[in-house]
Amino acid sequence: MKIVVSLLVFIFYLQNTILAQPTNLAINTANKLKAYLSTFICEKAYLQFNKPYYIAGDTIYFKSYVTEGEKHQLSDLSKVLYVELINQGNLIIQSIKLQLDSGISWGDFVLEDSLPAGTYRIRAYTRWMLNNNMNGLFEKPISIGALREKRIMKNNIFQHTNIVNKIDIQFFPEGGELVEDIRQKIAFKVINESGLGISVKGILLNNDNDTICSFQTEHNGMGYFYLLPLNGKTYKAIIIAEDGSRTMVYLPKPTISGIVLHIDNDSASRAFVTITSNKSYYKLNRDRNFFLIIYSGGKVVALTINLDSTIINFAIVKQKFQTGIAVITLFSPEGEPLCERLLFIKKNDQLALNIETDKAQYSKRDKVIVRLKTLFQGDTTVSGHFSISVIDENKIPVNENKETNILTNLLLTADLKGYIEKPNYYFVDTSMKSCKDLDVLMLTQGYRHFDWKHVLDTIYILPPYQPEMGLSIDGKVTHHSGKPVSGKIIMLMPLGKGTLLTCFSDSTGRFNFSDLLFSDTAHFVLSVLNEKGQNSDYDIVYTPTKILTPVTTCKDYNLNNQLELEHHLLVIKKERDEFPGAEKAKVDILKEVEVRGFKKDNQYRTESLVGAGNADQVMHAQEIEKISGLLSTSLNGRLHGVDFINGIPYLKGMQAFNVNPMLVIVDGVEQNSVGQNGKMLPYNIDEIPLSNVETVEILKYANASIYGMEGGGGVLVITTKRYENFQDKTKATGIFQITSIGFYKARIFYTPKYDHEDGNTKPDLRSAIYWAPEIKTDKSGNASFNFYNADGAGTYRIEVEGIADDGRIGHSVYKYTVR
């Protein structure tokens, strides 16, 4: 990461204040910050989703971008991204590992039909981010609804709550401390017990109960007022909520002698800086050299200020900085940080994404051709990576202020602490009020990803977590007594194709195979070799790699997208009532009824496209495991109409006619590859340990048609057990067969084609119309894509966002009409 240390020659001075050349101490501090940021390079993760919210039974599709440094360039630092779906109880219910290619990857989570409604979270991070308290990680609340009527009421998803009985209020004096005899800006934030900002009014009293001023919240529970603290006085605030309840909070006690940093950021072109010291502080420090460090967008600037007056004014020209958060810190002559202020610099320096469709208006099921052109500063074109989402906005309404996107994340929320409500408001609203609200946000939730104490330390401790270049397999070699054995050769052999690897155990008996690249569930054999190259009788302890990340307590922001989600659920329910069976419902619409007699076998987890209970035959784990050995051995003769030849499944009698083998789907991912002649190659199901299988389903003929031509020979759907549902052995003698979870293979988003008359009269009720996780523009900045509309009329919304090769980020929304 390139960091520039320079003098702010573009500062102009007011009141004849003389700002000297940076002192050695100022330059040394700037250089220490440069060295620190070069050692602890900041990675940030961002995910774009195909929809703003979901219902149980949906699939959450997402594209991930991992950037490096303040220029937002796609990261080559880490090659592994961890993505987790976390429920309302702060439990990780799904977790996948994605292989990053120049900071890019994509994946998905399938939501079970029975998932309770509520606000979930999706979190994404690299191992490198663990070094700095998980700064840079991506975390977003995701609203998930359910069509089960009792579930809706039980989970309170539609109840409009505004809890004000228990509130939390914090005051933030500008610069850090409240100082006597200096008029200061005091920002505040009030939240309820759900963590959301609420509207309140208040009065400020001194210790004599004299009313000093009144105040009120301006935006999302935030506001500000000015206070001149007087000697010997303390202050308290009476907060009055909308229901009339009152809360009293004491402000911090003012400092007797001190200095204050104030910034007026109302101007679009300049930030006006005022440094004020009270009389006692000025008397002690008159004519001494203080200094400022300004950090923004990878640039570090040192500036020396001679304290020749109690009030010093100057301005900073914003044009020299890039859009985003700038940190300004005032240091004492001894190099101690005294005051700090964050400000947001907003410029028109991001990537412009021009979207054009081939027609201004479309009919239902029309083909839509979209052309994308990326531009920067007029006619300069750039290439980059982009992701595309298209939704029917009449079915999935979007509140633009509530939405997050790549701009709001990488430029704003990733560098702030806490939950930021309606982040896009600060970007789509260009009024003076929104600018003032954004500045108050900087005062209340401002946060930088470095700590000056660590920066100024003379000795850096190397980060304990290093960037991952791939996956790893770890373990330990011991005697039967448990004593570690060092210097032994450990061999790692993949079952099937792959390279045989060896390493040595260290002084503690530990071994590690790193930078491995494999997908899905992979099977290996570990063995300890003796001096003759033969298997020894030492014990091998296998330790499955886990990233130990804290599952932080996160408030249930159940108001996020609440009204929009309610509308979406009502539309889906109405369609399914109007067109029963038109679209295979992944979510059951149930009322409380007593069911007697035959119970259909449809209450199980599956990755089949036809859903649970619709296969020609299903076998469950307890039935499969009655016959041990290879998986094909257990299934042979018990799956109706299926033959297994060397572990390869065929519909009975079809192999003789040179028909394709059965398409094998494991956890939603096609396993068969395609040969040079275009013919589908077989997949040996015996690569999957029998004990890992939860269900096996057979789809024939009409049922298999949902998989297209590849399913012409039938489909075998295998769903493996979740990791927490089965326990692998972790210890063996001499030789050890292990199972390791590899990189996740993303599902392909299904889009129908209506390019010819096929007599298909089945209603197309899609609300999520199109999803393309990776669209690459060429050197001229051009790309194109196409898709087909559904049967919904109204407004369709195209959202494009991504990162250019030079690190510039862009986001654009385009809407068109379907009649």
Side-chain angles (χ1 to χ4, degrees), residues 52-53 84-93 115-123 133-134 137 139-146 151-172 186-204 215-225 236-252 399 401-402 404 413 416-423 425 437 440-441 443-447 550-566:
Y53 40 81
E84 300 163 344
L85 177 63
I86 303 172
N87 68 10
Q88 299 171 92
N90 288 315
L91 297 176
I92 298 173
I93 57 174
L115 198 68
T119 303
Y120 292 69
R121 286 179 292 144
I122 289 184
R123 181 169 64 186
N133 297 322
M134 300 292 283
L137 92 166
E139 189 167 44
K140 179 182 179 179
I142 296 288
S143 297
I144 298 177
R151 240 179 237 286
I152 291 173
M153 297 304 296
K154 181 179 179 180
N155 287 275
N156 207 23
I157 190 69
F158 294 149
Q159 291 188 10
H160 298 263
T161 58
N162 188 23
I163 304 170
V164 295
N165 292 326
K166 296 181 180 180
I167 66 173
D168 177 75
I169 180 168
Q170 289 181 291
F171 292 94
F172 304 89
I186 313 295
F188 64 90
K189 181 163 186 177
V190 188
I191 60 174
N192 61 20
E193 63 182 16
S194 291
L196 299 173
I198 58 172
S199 297
V200 301
K201 294 182 179 180
I203 55 174
L204 188 68
F215 55 88
Q216 65 182 21
T217 50
E218 299 291 338
H219 176 71
N220 287 342
M222 294 177 289
Y224 68 93
F225 55 88
K236 61 185 177 183
I238 306 298
I239 310 302
I240 306 168
E242 289 183 330
D243 65 352
S245 61
R246 295 182 173 228
T247 303
M248 183 176 69
V249 180
Y250 285 94
L251 270 66
N399 185 321
N401 284 341
K402 293 180 181 178
T404 60
T413 60
L416 299 178
K417 58 184 176 182
Y419 176 68
I420 311 300
E421 295 180 60
K422 302 178 181 179
Y425 159 74
D437 292 338
V440 175
L441 181 68
L443 292 170
T444 57
Q445 293 183 247
Y447 181 76
V551 181
T552 55
T553 300
C554 184
K555 298 291 185 180
D556 180 12
Y557 303 110
N558 58 2
L559 300 183
N560 186 42
N561 300 119
Q562 181 177 345
L563 297 177
E564 293 81 13
L565 176 57
E566 179 178 356

Just verifying a value: how many Å separate L204 CG and I186 CD1, rounded to the nearest 0.5 Å? 9.0 Å
Is the backbone of I420 close enough, under 3.5 Å, to the side chain of Q445 for a donor and an acceptor to pair up by distance? no
Side chain proximity check, L137 to R123, heavy atoms < 4.5 angstrom: yes
Rounding to 0.5 Å, atoms NZ (K422) and CG (D437) come to a distance of 11.5 Å
For the CD1 atom of I92 and the CZ atom of R121, what is their distance to the nearest 0.5 Å? 9.0 Å
Using side-chain heavy atoms (C-beta onward) and a distance below 4.5 Å, is V200 in contact with T247? no
Minimum heavy-atom separation for Y419 to P141, with atom names? CE1-CG, 3.5 Å
Taking the side chain as every heavy atom from C-beta outward, state whether L115 and Y120 have any atom pair closer than 4.5 Å. yes
Please report the shortest heavy-atom distance between T217 and S199, naming the atom on each side. OG1-CA, 3.2 Å
Do the side chain of Q216 and the main chain of G223 share a donor and acceptor less than 3.5 angstrom apart? no
Are I239 and F215 side-chain neighbours, meaning at least one heavy-atom pair lies under 4.5 Å? yes
Determine whether Q170 and K189 make a side-chain contact, defined as any pair of heavy atoms from C-beta on separated by less than 4.5 Å. no
Taking side chain to side chain contact (heavy atoms under 4.5 Å, CB included) as the definition, give me every residue that meets it alongside K236, ordered by chain and number, with sequence neighbours left out. L205, N209, M248, Y250
Provide the closest heavy-atom pair for G145 versus L565 in the form atom of the first, atom of the second, distance. N-CD2, 3.7 Å
Just by distance, with hydrogens left out, do Y425 and N220 show a side-chain donor and acceptor under 3.5 Å apart? no
In Å, rounded to the nearest 0.5 Å, how long is the span from CD1 of I203 to CD1 of I238? 6.0 Å
One should read off an interatomic distance between L443 CG and F172 CZ, to the nearest 0.5 angstrom, of 9.0 Å
Which heavy atom of A117 sits nearest a heavy atom of A146, and at what distance? CB-N, 3.8 Å
Between E421 and G195, which heavy-atom pair has the shortest distance, and what is it? OE2-O, 4.5 Å
Indicate the atoms forming the closest heavy-atom contact of G118 with Q88, along with that distance. CA-OE1, 3.5 Å
Got T404 and T413 here, is their nearest side-chain heavy-atom distance under 4.5 Å? no
Reported CG-to-CD1 distance for the pair L85 and I122, which is rounded to 0.5 angstrom: 5.5 Å
Which residues pass the side chain to side chain contact (heavy atoms under 4.5 Å, CB included) test with V440, not counting sequence neighbours? A187, M222, Y224, T444
